There are 2 protein chains.
Amino acid sequence: MTCDPMSDMTETDENALNRSPDEQASGFEAVRTAHQSEMVEDYVELIAELIHMNGAARPVEIAERLGVTQPTVSKNLNRLKREGLILQEPYRSIRLTEEGRQLAEACRKRHRIVVDFLVALGVSQEVAEYDAEGIEHHVSEETLSVFRAFTRERSKS
Amino acid sequence: MTCDPMSDMTETDENALNRSPDEQASGFEAVRTAHQSEMVEDYVELIAELIHMNGAARPVEIAERLGVTQPTVSKNLNRLKREGLILQEPYRSIRLTEEGRQLAEACRKRHRIVVDFLVALGVSQEVAEYDAEGIEHHVSEETLSVFRAFTRERSKS
DNA sequence: TACAAAAGTTAGCTTTGGCTAAATTGTGTA
DNA sequence: TACACAATTTAGCCAAAGCTAACTTTTGTA
Ligand SMILES: [Mn+2]
Ligand SMILES: [Mn+2]
Ligand SMILES: [Mn+2]
Ligand SMILES: [Mn+2]
């Protein structure tokens, strides 16, 4: 045990260290899985927002609001098309399929739960929105329920 | 405005919709940036744990606990080597550099803050560990402070 | 109604992080 | 001390998601 790099151990660390390899791996696997749906989720959510705001979702605005280039958006929209989440004739603006609409709705709700929770907790509006964009993809149903309950309690005063 | 896909709008949604394109993009950009450091952070944190538990960190165990294959670990360890976070002679086990040790320490602390917070909030141990593995990479300093404060308050009773 | 500018697409490149198959090295034990 | 088996590495494949450059289509306006 030359040069132990861990100091300041707590109960939490002990618990983490006592987990089986499989149990630990399941957390990492979940993160890798989440990464595979993040792009799709953020796109449909944003497309729904743009349709709500402007009546239409155009690639140029998707690119601007995501901070990526138009060709990147064009390529990713093809994936959404393949997956049956959007409809688009070439050079025209984008519509959501019923499946896309439902996914967008679910993502928006989850996004809102996370933001409302962070704000209820004391995080500023801006940072809450900022952090939620990443956190939302890594929150299990159990945690989401706890978030909801906390926000409800906190706003009841 | 054919077929508005957003119902059930709240204050939160309004706030999100009123942001400028740049402000919205900054959140997505932060997520993309976080993705670039996740692998490195999880590896050094795990390596520190293994050294603490076993006196050594061997690729085969890193692979098992991450749920990936040995060649994947081997390749990623080369990146950690390039970045000056670990030392390893071929076919020998891994040591952390001083820089690697410090990064691991910082990651462990952040991981613990997130887990302790979720548990204090009412999430189960197992799910807290599971969700924290993803959440930890998307929590700003401000949010982390709020988490710490909440856990402190909650445990003082 | 032309035509320039804006929007969208295509082609082709890069990096990251997975994988399998196969080669190499280290080690415990007969 | 062999040598089989375990561990590690290398080579080469793939998909995702970013980019630039170049091309095509649409649109607003003179
Ligand atoms: Mn997001
Ligand atoms: Mn979102
Ligand atoms: Mn992690
Ligand atoms: Mn971690």
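These numbers were taken from a predicted model, which means no experiment stands behind them.
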Ring centres under 6.0 angstrom apart (B:His35, B:His138): yes

Secondary-structure notation, DNA chain C, from Watson-Crick and G-U pairs under 3.5 angstrom (| other strand): ||||||||||||||||||||||||||||||

For A:Arg79, all residues meeting side chain to side chain donor-acceptor pair (under 3.5 Å), sequence neighbours excluded: A:Glu83

Aromatic contact, A:Phe150 with B:Phe150 (centres under 6.0 Å): yes

Base versus backbone protein contacts along nucleotides 6-19 of chain D [heavy-atom cut-off under 4.0 Å; B, S, -]: -SBBB-BB--SSBB

First and last nucleotide of DNA chain C, 5' to 3', lying under 4.0 Å from heavy atoms of chain B: C:dT16 to C:dT27

Salt bridge (Lys or Arg N to Asp or Glu O under 4.0 Å) evaluation trace for A:Glu49 with A:Arg108: CA-CA 9 Å; A:Glu49 287 176 11; A:Arg108 192 185 99 257; over 6 Å; no

Side chain to side chain donor-acceptor pair (under 3.5 Å) partners for A:Thr72, two or more places apart: A:Thr69

Shortest non-hydrogen contact from A:Arg65 toward B:Phe28: O-CD1, 3.4 Å

Sequence-distant partners of B:Gln88, side chain to side chain donor-acceptor pair (under 3.5 Å), two or more places apart: B:Lys81

Pair B:Glu61, B:Asn54: side-chain N/O donor-acceptor within cut-off below 3.5 Å: yes

Pairwise distance CD1(B:Ile135) to NE2(A:His137) - rounded to 0.5 angstrom: 12.0 Å

Distance, nearest 0.5 Å, that separates CG of A:Asp116 from CG of A:Leu121: 12.0 Å

